[in-house]
Amino acid sequence: MAKLIACCGLNCDACEARVATIKNDNKLRAKIAARMQTHYRNPNITIEMTNCMGCREGGAIMWYCEQCEIKKCILSKAFQTCAECEKLNDCPMVRKIHQYDPKALENLKTLI
């Protein structure tokens, strides 16, 4: 089964924000928003801000993903994902994601 791979390699199909958006699940959105409020120390994050269809799909994009430096970088290079970049293995920006989710790097390497 094909995965919906984000610019950075995260699997959008497994993302709670995308699942909550597709299922219109406000309980899950509230859980995500509460977790993000704590993580980002921002009490102004609302459930509406957690709506996301994936950064490469069009439509709703989570507030955090809207300001993603990785997405800005790949768009500036006319790439679809970081898999197309020769600096993939040495990029400090994408390494921040991969240190927490090593599968994201594996996902990108399947696209090469």
Side-chain angles (χ1 to χ4, degrees):
M1 179 178 192
K3 296 177 186 175
L4 177 59
I5 305 301
C7 302
C8 62
L10 291 174
N11 179 3
C12 292
D13 282 332
C15 176
E16 285 184 319
R18 187 167 192 275
V19 171
T21 302
I22 290 169
K23 293 183 176 182
N24 197 25
D25 185 339
N26 281 335
K27 186 175 179 181
L28 182 53
R29 285 184 183 118
K31 176 183 161 189
I32 296 164
R35 189 171 57 232
M36 294 183 96
Q37 288 171 354
T38 301
H39 181 79
Y40 294 104
R41 296 182 181 114
N42 183 347
N44 298 318
I45 297 171
T46 65
I47 64 171
E48 292 81 14
M49 294 168 73
T50 68
N51 288 324
C52 194
M53 289 301 295
C55 66
R56 297 191 317 132
E57 288 299 289
I61 298 178
M62 186 184 305
W63 71 274
Y64 183 79
C65 298
E66 282 180 338
Q67 54 191 339
C68 177
E69 293 300 319
I70 295 169
K71 184 173 180 173
K72 290 176 187 174
C73 179
I74 65 130
L75 290 175
S76 75
K77 296 176 181 180
F79 294 160
Q80 292 294 309
T81 70
C82 294
E84 298 173 68
C85 186
E86 63 188 29
K87 298 178 183 177
L88 172 62
N89 293 312
D90 301 314
C91 177
M93 244 187 323
V94 79
R95 192 176 302 130
K96 290 178 186 177
I97 299 291
H98 299 162
Q99 72 181 351
Y100 295 108
D101 190 344
K103 288 186 179 185
L105 179 59
E106 293 173 30
N107 290 336
L108 288 172
K109 290 185 176 185
T110 66
L111 301 176
I112 298 174

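Only this structure's heavy atoms are used, side chains among them; waters, hydrogens and symmetry mates stay out.
The minimum heavy-atom distance between Ala83 and Leu108, with the atom names listed, is CB-O, 3.3 Å. Smallest separation of non-hydrogen atoms from Ile70 and Met93: CD1-O, 3.7 Å. In terms of heavy-atom proximity, Met62 sits nearest to Ala17 at CE-CB, 2.9 Å. Among all heavy-atom pairs drawn from Ile45 and Met49, the shortest one is CA-SD, 3.7 Å. In plain terms, the two heavy atoms of Ala20 and Arg29 that are nearest each other are O-NH2, 3.5 Å. Taking all atoms of both residues into account, the shortest heavy-atom contact from Cys7 to Arg56 is SG-CG, 3.8 Å.
Partners of Phe79 by ring pair (Phe, Tyr, Trp, His ring centres under 6.0 Å), not counting sequence neighbours: none found. For Lys23, there are no salt bridge (charged side-chain N to carboxylate O under 4.0 Å, His left out) partners, not counting sequence neighbours.
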Given the rule in the side-chain hydrogen bond (donor to acceptor under 3.5 Å, both in side chains) test, do Asn107 and Lys3 qualify, once you have shown the distances and angles that lead to the verdict?
CA-CA 8 Å; Asn107 290 336; Lys3 296 177 186 175; 3.0 Å; yes
Please assess Leu10 against Ile5 for the test side-chain contact (heavy atoms from CB on, under 4.5 Å), listing each intermediate value before the final yes or no.
CA-CA 6 Å; Leu10 291 174; Ile5 305 301; over 6 Å; no
Taking it one step at a time, do His98 and Lys103 satisfy side-chain contact (heavy atoms from CB on, under 4.5 Å)?
CA-CA 7 Å; His98 299 162; Lys103 288 186 179 185; over 6 Å; no
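Under the 4.5 Å side-chain contact rule for hydrophobic residues, Leu4 and Ile74 do not share a cluster. One hydrophobic cluster, built from ILVMFWY side chains closer than 4.5 Å, cannot hold both Trp63 and Ile61; they sit in different ones. In the hydrophobic cluster analysis, where Ile, Leu, Val, Met, Phe, Trp and Tyr join through side-chain heavy atoms closer than 4.5 angstrom, Met53 is grouped apart from Val19.
Separation of atoms OG1 (Thr50) and CG (Asp25) is listed at 9.5 Å; rounding is to 0.5 Å. For the atom pair CG of Asn44 and CE of Met36, the computed distance is 13.5 Å after rounding to the nearest 0.5 Å. Here the CG-CG distance, from Asn24 to Leu28, works out to 11.0 Å after rounding to the nearest 0.5 Å. Between the CD atom of Glu48 and the CG atom of Asn26 there is a distance of 7.5 Å, given to the nearest 0.5 Å. A distance of 12.0 Å separates SG of Cys65 from CG of Asn51, quoted to the nearest 0.5 Å. Cys82 contributes atom SG, which lies 6.5 Å from atom CG of Leu88 (distance to the nearest 0.5 angstrom).
Put simply, the side chain of Glu57 never gets that close to the backbone of Gly54: no donor and acceptor are under 3.5 Å apart.
Here Glu16 pairs with Lys31 in a salt bridge; the nearest charged N to carboxylate O distance falls below 4.0 Å.
In this structure, the side chains of Leu111 and Gln80 stay at 4.5 Å or more apart for every pair of heavy atoms. Counting only heavy atoms from C-beta outward, the side chains of Ile112 and Lys109 approach each other to under 4.5 Å.
Applying the 6.0 Å contact sphere to CD of Gln99 captures more than 12 heavy atoms from other residues, nucleotides or ligands.
There is no side-chain donor-acceptor pair under 3.5 Å between Asn89 and Arg95.
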